[in-house]
2 protein chains.
Amino acid sequence: MSTAQAREPASPESNPLFLQSVARTLRVLEAFTQLPRPLSIAELSAAAGLDKSAGQRIVHTLQALGYLERSSAGLVPGKKVLYRAFDYLRMNALVESATPVLHELRKSVKERVDLSLLDSTNIVYAVRLQSKRENFPATLVGRRIPTFCSSGGRAMLAALPEEEAMQILQQSDRRPLTPKTITEIPALVDKIREARRDGYALALEESALGEIVLAAAVLDIHGRPVAAIHAAGSLSEWKEETFRRRISPLVMEAARALSHTYKHG
Amino acid sequence: MSTAQAREPASPESNPLFLQSVARTLRVLEAFTQLPRPLSIAELSAAAGLDKSAGQRIVHTLQALGYLERSSAGLVPGKKVLYRAFDYLRMNALVESATPVLHELRKSVKERVDLSLLDSTNIVYAVRLQSKRENFPATLVGRRIPTFCSSGGRAMLAALPEEEAMQILQQSDRRPLTPKTITEIPALVDKIREARRDGYALALEESALGEIVLAAAVLDIHGRPVAAIHAAGSLSEWKEETFRRRISPLVMEAARALSHTYKHG
DNA sequence: TTTACCGTATCGCTAACCGATACGATCGAA
DNA sequence: TTCGATCGTATCGGTTAGCGATACGGTAAA
C-alpha cells in the first residue's frame with residue numbers, strides 16, 4: 001500500500017468500528033507499565049506514539065477525570081484506576097467464591113496463596129494473601145507474569161486443548177525472568193504434559209529466585225481453564241519433594257472446589 | 001441549524017483541551033459502578049449518555065483492547081483494568097512503605113486493617129488485610145466510601161484546614177449508608193473536632209452495621225493528610241471503650257511511622 | 001407468527017480534533 | 001548572569017476521524 005506515512009500502523013483493527021481516539025487514550029495510561037515512574041507530558045506522548053499536542057490534550061482530559069494525577073515529579077496514574085479495578089473484582093463471581101477458599105487454604109499451607117486469571121499469554125493476579133515480607137511489586141493485585149513460566153499458567157495450559165496451548169506458547173515473549181526460567185518450547189511442552197499427568201504444575205525459581213510455586217487450574221462449567229490457585233514457598237524452608245507432597249493435595253482440592261461451578265466466561 | 005440542544009452539557013471542562021472522546025470512553029467504563037452486572041451495548045451507551053452508534057464503536061474498541069470482555073450475560077470489565085491498578089499501586093511510595101507497617105499492625109490488633117487514600121469527598125482502599133469472612137465487595141481494593149462517614153475520612157478531615165474540611169463536607173452526597181450514619185453537618189463537625197483532639201477518629205456502624213472502625217491520618221511532608229490507617233472490629237466482640245483503649249495507640253503509632261516521610265503529592 | 005431487542009454493518013456529512021506554532025517559566029551549565 | 005533546553009500552556013485554521021441515522025439478520029419471549 002502506498003500510504004507511505006501511515007499515521008497509525010493500520011491499527012490491528014482496521015475495522016471501521018475501531019476508534020483510534022480510544023486506543024490513544026489507553027496507550028497513554030499504559031505508558032506506566034513500561035516506565036513505572038512519574039512522567040512528563042512529553043514522555044507520555046512519546047510512549048503512546050503521539051505528538052506533543054495530542055498528548056497534551058489527552059493528558060489534560062485524563063487528569064480532569066482523575067485518571068492521571070500530578071505529583072511533584074510528574075504525572076502518575078490517578079485513583080480512578082483503582083475504582084475501575086474494584087468494578088472488575090466485585091463483578092467477578094470466581095473472585096468472590098475464591099476468596100473464602102483461599103483463606104482456608106492460606107490457613108493450612110501458611111504460605112502465600114494467590115488466585116490468578118488466564119489472559120492468553122499472561123496471567124494476572126486477582127486475589128493475593130501474602131505471608132511474609134516480600135519484594136513489594138511482586139505481591140500486588142494486577143501484577144501480570146507470562147503464562148509459560150508460571151506454575152499457574154502451565155497448569156492452565158495443561159487443561160487447554162493441545163493446539164491452543166501451543167499457540168499461546170508460540171505467541172509468548174519467552175525472555176527469561178530469572179536464570180532458571182525454562183524458555184525452550186520442547187521443555188515447556190514436557191512440563192505441561194507433566195502438569196496434566198499430576199493435576200498440578202510446579203515452577204522452581206522461574207519467576208523469582210528462591211521461590212517454589214505450585215498451582216492447579218480452575219475450570220469453568222465447560223471444562224476450560226479460567227484461573228489457577230497458587231501456593232508459593234521459599235526454597236530456604238522447603239525441599240521440592242516435601243513441598244509437592246504436602247502442598248499439592250491442598251491446592252488441588254481448593255481448585256477443584258471452585259471448578260465447574262459458574263459460567264465464568 | 002439551531003444547536004438548541006447542546007450535545008454534551010457543556011462539559012465541566014469547556015477548556016478546548018478537554019477531549020470529549022476521552023470522556024466518553026471513560027464514561028463507558030464507569031457505567032459498571034452504577035450497574036454492577038453484565039451489560040448490553042445499549043445499556044452501556046445509555047449509562048454513558050451516548051447513542052447506540054457511538055456506544056457500539058467505543059465498546060468494540062474497548063473490547064479489542066481488553067478493557068471490556070464478553071461474558072455469557074453481556075459485557076463486563078476486562079482484565080486490563082487490573083493492569084492499570086497495578087501501575088498505580090506499584091508507583092505509590094506510600095502504598096509501598098505502608099504494606100509492612102500494616103502487616104505489623106495486623107499482627108498486633110488481629111483485626112482487619114486497611115490503608116485508605118483521600119480523594120476529596122471519597123476515600124479509596126488501597127491496601128487491605130482482612131481477618132475473618134466478611135461481606136465480599138466490602139473487602140476489595142479500590143472500594144470507595146464517602147469521606148464524611150468513614151473513620152479514616154474524618155481523621156483526614158481533622159488534619160485539613162478547617163475551611164477545606166467544610167468544603168468537602170458540603171460537596172458530599174451525605175445520604176446515610178446505614179441507619180447509624182451521621183449526616184448532619186454540625187454533628188460531623190463535632191466528630192471531626194473530637195478526632196483532632198484525640199489524634200484518631202472512630203466510626204460506629206456508620207458504613208456497615210455491627211462494625212466499629214478506628215483510624216488515624218497519615219500526613220505528607222507538608223503536614224497534609226493523604227491517607228489513613230484503619231482497624232475494623234466487630235461490635236459482637238468489642239466494647240467501644242476497650243476498642244478505643246487497646247487499638248488507638250497502635251493505629252496512631254502506625255500512622256505516625258508513615259507520616260512526614262515522602263512527598264506523597 | 002409477531003414483537004422487541006439484540007449485535008452488526010454501511011455511509012455521507014461535519015464538527016471535533018489534529019498538529020504546527022508560539023509564549024513564558026524554570027532549571028543547569030557555561 | 002546568560003544562554004539553551006525543556007517544561008507546561010495556549011491558539012487556530014484545515015481536514016479527517018468519528019458521528020449518528022439507518023438498515024439487516026438472529027434470537028427469545030409473548
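Remember, predicted model here, so these are calculated numbers, not experimental data. Sequence lines set the chain letters: A, B, ... in the order given, protein chains first and strands last, and positions in each chain run from 1.
- Mapping A:Leu75 and A:Ser21 onto DNA chain D by nearest heavy atom places A:Leu75 closer to the 5' end of the strand.
- The interatomic distance linking B:His60 (NE2) with C:dG7 (C1') rounds to 12 Å, in whole Å.
- Side-chain atoms of A:Leu17 lie closest to C:dT10 of the nucleotides D:dG8, C:dC17, C:dT10.
- One cannot find a donor-acceptor pair under 3.5 Å joining the base of C:dG7 and the side-chain atoms of B:Arg70.
- The closest side-chain heavy-atom distance from A:Thr25 to B:Leu19 is not below 4.5 Å.
- Atom pair B:Gln56:CD and C:dC5:P shows a separation of 18 Å (rounding to whole Å applied).
- Between the P atom of D:dG20 and the CG atom of B:Leu50 lies a distance of 9 Å, rounded to the nearest Å.
- Contact annotation: B:Arg57 side-chain N/O to D:dC19 OP1/OP2 distance is under 4.0 Å.
- Without hydrogens or angle criteria, B:Gln34 side chain to B:Ala31 main chain gives no donor-acceptor distance under 3.5 Å.
- Along DNA chain D, the nucleotide nearest A:Ser53 and the nucleotide nearest B:Ile58 are compared for position; the residue whose nucleotide lies closer to the 5' end is A:Ser53.
- Cation-pi geometry between A:Arg144 and B:Phe86 is not met at under 6.0 angstrom from the ring centre and within 45 degrees of the axis.
- Checked against salt bridge (Lys or Arg N to Asp or Glu O under 4.0 Å), B:Glu96 has no partners two or more places apart in sequence or in another chain.
- For the pair B:Phe18 CZ and D:dA10 C1', the computed distance is 18 Å after rounding to whole Å.
- On a pure distance criterion of 3.5 Å, no polar donor-acceptor pair joins the side chain of A:Lys52 and the base of C:dT21.
- The nearest whole Å value for the distance from the CG atom in A:Asp51 to the C1' atom in C:dT21 is 12 Å.
- In this structure, A:Arg24 atom CZ and C:dC17 atom C1' are separated by 9 Å, rounded to whole Å.
- Rounded to whole Å, the distance from CD on B:Gln20 to P on C:dC18 is 11 Å.
- A:Thr147 places a side-chain N or O within 3.5 Å of a backbone atom of A:Ser120 that can act as its donor or acceptor partner.
- When the P atom of D:dA17 is taken as reference, atom CG of A:Asn15 falls 15 Å away, rounded to whole Å.
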